[in-house]
Amino acid sequence: MKEYSHFIAGGPVKGASGRFGDVFNPATGEVQARVPLASRAELRKAVEVALKAQSEWAAVNPQRRARVMFNFKALVEKNMDELAGLLSSEHGKTIADSKGDIQRGVEIIEFACGIPHLQKGEYTEGAGPGIDIYSMRQPLGVVAGITPFNFPAMVPMWMYCVAIACGNAFICKPSEKVPGVPLRLAELMMEAGAPAGVLQVVNGDKEAVDAILEDADIQAVSFVGSSAVAEYVYSRGSAHGKRVQAMGGAKNHAIVMPDADLDQVTNELIGAGYGTAGERCMAISVAVPVTDKLADALVAKLKPRVEALKVAPPTDPDAAYGPLVTAEHRRKVLDYIDLGVKEGAELVVDGRGFRMQGYEKGFFLGGSLFDRVTPAMKTYKDEIFGPVLQIVRAKDFDEAISLPSKHQYGNGVAIFTRDGDAAREFASRVNVGMVGINVPIPVPLSYHTFGGWKRSAFGDLNQHGPDGVRFYTRIKTITARWPKGGVRENTNFVIPTMK
Ligand code: NAD
């Protein structure tokens, strides 16, 4: 069986802890590889390598750092098919969807290629007599990222493309469920010209995460995953003096107004609710039709579409979505569907009985649709993260806007309407971080920043875009005086002002 290594100091390093995790093929249910789970000592080794590499990398001029990113982009694109096949084989998402995952990462590289411009400081000439003030954005040093299973390419690249372009050395601790693509991308980064130690991959679980959070030489930690772990990483990392951004779970609502084009909305809800088997932090998991009449019409349109969803192995080009990532995760989603029935929601389409012929041990699950879900239900309050769409009926616009606004999560939200006034008011009032207006998955492009509110994100600065550069740099401000004839002043005991 394939055994993965870590990627330290520019090459593979075998795991030394004696602990391993299983990497499944979700379509067949078989264990296809094992991944080493790092000890504290192995993590420390990577930090020491990174410390040395970082000081040299930070001294490389920004245009040369950008050239590494240009090379990296070309290599990722060249290897797209191989990467997508590997990603699908470990995650279970369709090949086309894996390419989307990688392409989103490529778009972050494109953003990072602009680092000579993005990292520029500011300058004020003549702020006082012979005085100029200027600022510089300097890299932090060694930084680390801890990533989830659902975007094995995009999420690590959100972090390290920006971090490395800014002159940091990055240690990636990917999800132990999907280590293949992060490891392969690290090889490509080396091929692109990044010095050894600038990007390293240390596989592991809680032990490696705790080692990252407590290591005094790691300056910043970026985390994406579930909210409970995000909160833990944020508080423990901050307590150890680190800059931390920690993105968590989600429950994204789509408000459907009575004037919306219902066929278009149905299409959008099917794609955004069931794509990637619902294993997306920006998946739509709750639809909120405004008025009962609209809800009846929407359910009538959704029902046959959910029943007709083609669930198939990732390699089937016609598959809407593939298997869930693990048997354990499938079980968790099944338990939520059972609970929804117990709580009194109406199960309009029941995906629990679905079996994939020829892949009986795979982690497949049919699409489910719940109507008459209420805010008091646990299945509404929690993130399910599976192919399950819930409908919560609202009597009017105010009730509809209050649902996502009061929910514990605040990642994304969408409104479908033809009324510009309602859309504008919604965008302004809703208590959620990313808003789509007739756009079901409002994931901002790489040059804007990505991040939710409430329990969907802990910390101040978001992922990529301008916030990414802010997160991975710190500002130094210099006030310099070069008056004609040299510097000569009397002692001054009063705070200098510009009076
Ligand atoms: P997870 O929280 O189980 O794991 C994320 C990372 O944390 C992994 O690297 C894992 O090894 C590590 N980890 C797990 N348990 C830990 C513990 N007890 N202590 C320390 N580290 C631990 O998340 P997941 O199941 O891999 O990913 C799915 C979750 O990620 C969903 O909740 C989804 O909404 C969220 N997500 C959020 C965003 C966002 O930007 N808000 C993006 C993608 C995914």
Side-chain angles (χ1 to χ4, degrees), residues 19 21-23 35-38 40 43 90-93 101 104-105 108 144-159 171-179 182 201-214 221-237 244-252 276-285 324-326 328-330 332-333 336 382-386 407-413 432-434 441-444 449-459 461-465 467-468:
R19 295 194 308 122
D22 288 334
V23 180
V35 61
L37 304 174
R40 279 178 180 264
L43 187 274
E90 293 185 354
H91 179 285
K93 64 175 81 173
D101 184 338
R104 275 280 180 170
I108 306 291
I146 300 156
T147 57
F149 80 80
N150 67 324
F151 280 100
M154 177 187 80
V155 171
M157 286 157 93
W158 274 359
M159 302 173 182
I171 297 174
C172 180
K173 204 304 286 171
S175 166
E176 60 275 40
K177 294 174 185 143
V178 289
V201 179
V202 176
N203 295 296
D205 55 3
K206 187 174 184 332
E207 185 171 336
V209 170
D210 285 344
I212 287 171
L213 297 177
E214 289 166 17
V221 176
S222 181
F223 173 90
V224 176
S226 57
S227 289
V229 185
E231 190 171 21
Y232 168 77
V233 165
Y234 180 71
S235 48
R236 190 138 182 196
V244 187
Q245 56 175 194
M247 274 59 196
K251 193 85 175 183
N252 308 307
T276 324
E279 293 169 321
R280 288 182 193 149
C281 65
M282 289 292 274
I284 286 183
S285 41
L324 300 193
V325 68
T326 57
E328 189 191 351
H329 186 59
R330 180 175 177 276
K332 184 183 139 194
V333 177
Y336 270 119
D382 291 1
E383 177 184 48
I384 297 176
F385 222 54
H407 202 281
Q408 63 164 332
Y409 295 119
N411 218 33
V413 71
V432 170
M434 291 175 279
I441 307 183
V443 176
T449 66
F450 178 105
W453 287 5
K454 298 180 279 182
R455 288 189 62 75
S456 293
F458 302 84
L461 293 169
N462 289 340
Q463 300 282 348
H464 61 72
D467 263 13

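Counting starts at 1 for both ligands and their atoms, following the listed order. Throughout, numbering of the chain's residues begins at 1 and tracks the sequence.
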(message) Give the atom numbers and elements of ligand 1 that come within less than 4.0 Å of a heavy atom of N150.
(response) 43 (C), 44 (C)

(request) Starting from atom 36 (N) of ligand 1, locate the nearest protein heavy atom and write down its residue, its atom name and how far away it is, to 0.1 Å. (result) C281 CB, 3.6 Å

(message) Judged on heavy-atom distance to atom 16 (C) of ligand 1, which of V229, T326, L213 sits nearest?
(response) V229

(request) With rounding to the nearest 0.5 Å, note down the distance linking OG1 in T326 to NE2 in H91. (result) 10.0 Å

(request) Using a strict cut-off of 4.0 Å, indicate which atoms of ligand 1 neighbour a heavy atom of W158. (result) 40 (O)

(message) Looking only at distances, can you tell me whether any N or O atom of S226, backbone or side chain, sits closer than 3.5 Å to an N or O atom of ligand 1?
(response) yes

(request) With heavy atoms under 4.0 Å as the rule, classify the contact between T147 and ligand 1 as side chain, backbone, both or neither. (result) backbone

(request) Test V209 against K173 for side chain to side chain contact (heavy atoms under 4.5 Å, CB included), laying out the working first. (result) CA-CA 8 Å; V209 170; K173 204 304 286 171; 3.8 Å; yes

(message) Tell me whether S227 has any N or O atom under 3.5 angstrom from an N or O of ligand 1.
(response) no

(request) Check whether any side-chain heavy atom of V229 lies under 4.5 Å from a side-chain heavy atom of F223, and answer yes or no. (result) yes

(request) Note the single closest protein heavy atom to atom 40 (O) of ligand 1, along with its residue, its atom name and the distance in Å. (result) F450 CE2, 3.0 Å

(message) Below 4.0 angstrom, counting only protein heavy atoms, does anything approach atom 4 (O) of ligand 1?
(response) no

(message) Within the structure, is a non-hydrogen atom of G248 found at a distance of less than 4.0 Å from ligand 1?
(response) yes

(message) Counting only heavy atoms closer than 4.0 Å, does ligand 1 sit against the backbone of E279, its side chain, both, or neither?
(response) neither

(request) Determine whether V221 and I146 make a side-chain contact, defined as any pair of heavy atoms from C-beta on separated by less than 4.5 Å. (result) yes

(message) Any carboxylate oxygen within less than 4.0 angstrom of a Lys/Arg side-chain nitrogen, looking at K93 and E279?
(response) no

(request) Assert yes or no for the condition that the ring centre distance of F149 to H329 is strictly below 6.0 Å. (result) yes

(request) Show which atoms of ligand 1 fall inside a sub-4.0 Å distance from at least one heavy-atom site of S175. (result) 9 (O)

(request) Have a look at ligand 1 and work out which part of E176, if any, has a heavy atom under 4.0 Å from it: side chain, backbone, both or neither. (result) side chain

(message) Would F151 count as a contact residue for ligand 1, given that I'm defining contact as a non-hydrogen atom of the residue lying under 4.0 Å from a ligand atom?
(response) no

(request) Between F385, F223, Y232, F149, flag the one that comes closest to atom 7 (O) of ligand 1 by a heavy atom. (result) F223

(message) Within ligand 1, which atoms have a heavy atom of I146 less than 4.0 Å away?
(response) 6 (C), 7 (O), 9 (O)

(message) Give the atom numbers and elements of ligand 1 that come within less than 4.0 Å of a heavy atom of V224.
(response) 5 (C), 36 (N), 37 (C), 38 (C), 39 (C), 40 (O), 42 (C), 43 (C), 44 (C)

(request) Would you mind checking which non-hydrogen protein atom is closest to atom 27 (O) of ligand 1, with the distance to 0.1 Å? (result) P148 CB, 3.2 Å

(message) Among all protein heavy atoms in this structure, tell me which lies nearest to atom 32 (O) of ligand 1, with the distance rounded to 0.1 Å.
(response) E383 OE1, 2.6 Å

(request) Could you walk me through whether H464 and M157 pass the side chain to side chain contact (heavy atoms under 4.5 Å, CB included) test, one step at a time? (result) CA-CA 9 Å; H464 61 72; M157 286 157 93; over 6 Å; no

(request) Quick one: look up the protein heavy atom nearest atom 19 (N) of ligand 1 and list residue, atom name and how far away it is. (result) K206 CG, 3.4 Å

(message) Counting only heavy atoms from other residues, nucleotides and ligands, does the tally under 6.0 Å from CD of Q408 exceed 12?
(response) yes

(request) Specify side chain, backbone, both or neither for Y409, according to which of its non-hydrogen atoms lie closer than 4.0 Å to ligand 1. (result) neither

(request) Could you check if a side-chain atom of P152 sits within less than 4.5 angstrom of a side-chain atom of E90, using non-hydrogen atoms only? (result) no

(request) For Q463 and T449, test the side chains for any donor-to-acceptor distance below 3.5 angstrom and give the result as yes or no. (result) no

(message) Can you tell me how far apart CD1 (I384) and OH (Y336) are? Round to the nearest 0.5 Å.
(response) 7.0 Å

(request) Would you mind checking which non-hydrogen protein atom is closest to atom 20 (C) of ligand 1, with the distance to 0.1 Å? (result) V209 CG1, 3.6 Å

(request) Please confirm whether the backbone N or O of G410 pairs with a side-chain atom of S456, one donor and one acceptor, at under 3.5 Å? (result) yes

(message) Assess whether a salt bridge exists between D382 and K251, defined as any Lys/Arg side-chain N lying under 4.0 Å from an Asp/Glu carboxylate O.
(response) no

(message) Check this for me - ligand 1, G225, N or O atoms closer than 3.5 angstrom, yes or no?
(response) yes

(message) Please evaluate residues Y232 and D210 with respect to the criterion side-chain hydrogen bond (donor to acceptor under 3.5 Å, both in side chains), reporting the C-alpha separation (whole Å), side-chain torsions for both, the decisive distance (0.1 Å), and the verdict.
(response) CA-CA 10 Å; Y232 168 77; D210 285 344; 2.5 Å; yes

